[in-house]
Chemist: 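Take a look at this one; I'll ask things after.
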Amino acid sequence: MTEPKTQQVKSVKLIYFAWVRERVGKPQEDIDLPAGIATVGDLMAWLAKRGDEYAYAFENPKIIRAAIDRAHVRPDATIAGAREIAFFPPMTGG
Amino acid sequence: MTEPKTQQVKSVKLIYFAWVRERVGKPQEDIDLPAGIATVGDLMAWLAKRGDEYAYAFENPKIIRAAIDRAHVRPDATIAGAREIAFFPPMTGG
Amino acid sequence: MPATIRLQREPFDAAAETAVLTGGRTDIGAVVAFTGICRGAEDGAPIAALTLEHYPGMAEAEIARHVEEAQSRWALLGVTVIHRYGRITPGEPIVLVLAASSHRHDAFAAAEFLMDYLKARAPFWKQVEAAGSRSWVEAKQSDDSATERWQDAKPRRDAAE
Amino acid sequence: MPATIRLQREPFDAAAETAVLTGGRTDIGAVVAFTGICRGAEDGAPIAALTLEHYPGMAEAEIARHVEEAQSRWALLGVTVIHRYGRITPGEPIVLVLAASSHRHDAFAAAEFLMDYLKARAPFWKQVEAAGSRSWVEAKQSDDSATERWQDAKPRRDAAE
């Protein structure tokens, strides 16, 4: 007996900094996460297909850093439960 | 054919700091170095025999530091040519 | 242990911050102050200014986490971290780290640790303004290496005081 | 490279000294300032004051020698060392070391090197005044150890910038 799966539409806030922000063309946005996006890496791959500006911003995901709810995470981090996910280049403060 | 040896009387300035100065009872003095005093260690041993205050100051020569002409030296350093020899405890500046 | 963490557009006054940290206390024997300054050239080419972008909220949280880490590693009596954002011209200060301790080694180690982490982990990005064009400063591999050296290091509290 | 070395009775103004070192320059990216302060207790017992005795002539020469050594080991753009002598009460500064460089690691290393050497090699002696009695501070083995660690260390210029 299988229950019908309800579609889980989860809204999350994305924030972009530095040249990621410049390439995407906006500082932040709210998106509805589609099913099947489990990790930060999955999310970057999905974003890259959303249009030329995203494809440009995420053309080399290896050099992009991410934070979930204001803490650094690796690309294999799960995004379940995230409210705010940020993407940015390696930091150059100090 | 041996020439008669002339007695080499060499005057040197001694300076004392911190508790070495307090024990000797004076900040500095000029002395005539007797023959046979070759090293800083020899000089400390000779000074220790000059009286109670010197014996007290140099009772433990291992912990006394020395400088010749304002440069740190070890106890086996030769004093030939020295104009100013200083004795003091280990430094506690900074 | 008092810790001051501030992000601001305005320049800071290192002397005034030091006075706040040490004023009226006689337990502090050593204060290390690091000031990072905007240089007039980047990779040999003159620059007009730097503009620092940051991630509000996360920047403060990251710095606070590393201040706590420093406090757990060394015997600190006070820490101040001030990091500026916005447009900064050559010769102006960018960042201040103060570390106070009874003894010098703890103050030196904590200040250097905090600077290494600020460089590599605090969410700030520098944009260079030069000859009318703008470009983002690239992160240096050496800054990541500088951070890694603290990861295996045993706490220096055990070292010579 | 400019170096300022001063021995004096009077307190110093770290901010003014830093301004002298960095004023009008845009090549300096990092300044490390170490301030050593007279603590109110020595080995747990409260003190009234420290009196610092020094060897005039030799103290300046020793400091100058180590400043030159620091200049040869690291890429420094400016060094200032000020050491006070005479009577100093708790909370007052005793010593200031400033090291300026393009990059932070050279400034940190040079300042720590100079402080380690000042502690162990510069001819100064501290006398403690407490409850009407006076006693000489004993040198710490740890200060000699701190100095020794620089002797085998390869120049840090080769390290990550």
Chemist: Does OH in B:Tyr56 sit with more than 12 non-hydrogen atoms of other residues, nucleotides or ligands closer than 6.0 Å?
Modeler: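 Atom OH in B:Tyr56 is not packed in, count stays at 12 or less.
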Chemist: Locate the shortest heavy-atom distance separating B:Ala86 from D:Tyr55; write the atom from each residue and the value.
Modeler: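 The pair with the smallest heavy-atom distance is CB-CE1, 3.4 Å.
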Chemist: Could you go step by step and tell me if D:Glu53 and B:Arg21 meet the side-chain contact (heavy atoms from CB on, under 4.5 Å) rule?
Modeler: CA-CA 11 Å; D:Glu53 180 172 331; B:Arg21 172 181 51 72; 2.5 Å; yes
Chemist: To the nearest 0.5 Å, what is the distance between CZ (B:Phe88) and CH2 (D:Trp125)?
Modeler: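 The CH2 atom of D:Trp125 is 5.0 Å from CZ of B:Phe88, to the nearest 0.5 Å.
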Chemist: Mind checking the NE2-CE spacing from D:His54 to B:Met91? Nearest 0.5 Å is all I need.
Modeler: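 With rounding to 0.5 Å, NE2 (D:His54) is 14.0 Å from CE (B:Met91).
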Chemist: Heavy-atom count around B:Asp52 CG within 6.0 Å, excluding the residue itself: above 12?
Modeler: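 Count not over threshold, so no.
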Chemist: For the residue pair D:Gln127 / B:Trp19, report whether a side-chain donor-acceptor contact shorter than 3.5 Å exists.
Modeler: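 Judged by distance alone, the side chains do not pair up.
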Chemist: At a 4.5 Å cut-off on heavy atoms, which part of D:Arg65 comes close to chain B: side chain, backbone, both, or neither?
Modeler: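 When you check distances to chain B, only side chain atoms of D:Arg65 fall under 4.5 Å.
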Chemist: Within this structure, what is the CZ-CD distance for the pair B:Arg70 and D:Glu62, rounded to the nearest 0.5 Å?
Modeler: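 Result: 12.0 Å between the selected atoms.
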Chemist: Is atom CD of B:Glu53 surrounded by more than 12 heavy atoms (other residues, nucleotides or ligands) closer than 6.0 Å?
Modeler: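 Result for CD/B:Glu53: enclosed.
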Chemist: Could you check whether any side-chain N or O of B:Thr92 sits under 3.5 Å from a backbone N or O of D:Ala139, counting only pairs where one atom can act as donor and the other as acceptor?
Modeler: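 Looks like no, no N/O pair under 3.5 Å.
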Chemist: With a 4.5 angstrom heavy-atom cut-off, which part of B:Ile63 approaches chain D: side chain, backbone, both or neither?
Modeler: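 Neither; nothing under 4.5 Å.
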Chemist: Any chance CZ of B:Arg50 has more than 12 other-residue heavy atoms, nucleotides or ligands included, within less than 6.0 Å?
Modeler: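 Count over threshold, so yes.
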Chemist: So does D:Asp43 have more than 12 non-hydrogen atoms from other groups sitting under 6.0 Å from CG?
Modeler: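 Counting neighbours around CG of D:Asp43, 12 or fewer heavy atoms of other residues, nucleotides or ligands fall under 6.0 Å, so no.
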Chemist: In Å and rounded to the nearest 0.5 Å, what is the CZ to CZ distance from D:Phe124 to B:Phe17?
Modeler: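 D:Phe124 atom CZ to B:Phe17 atom CZ measures 11.0 Å (nearest 0.5 Å).
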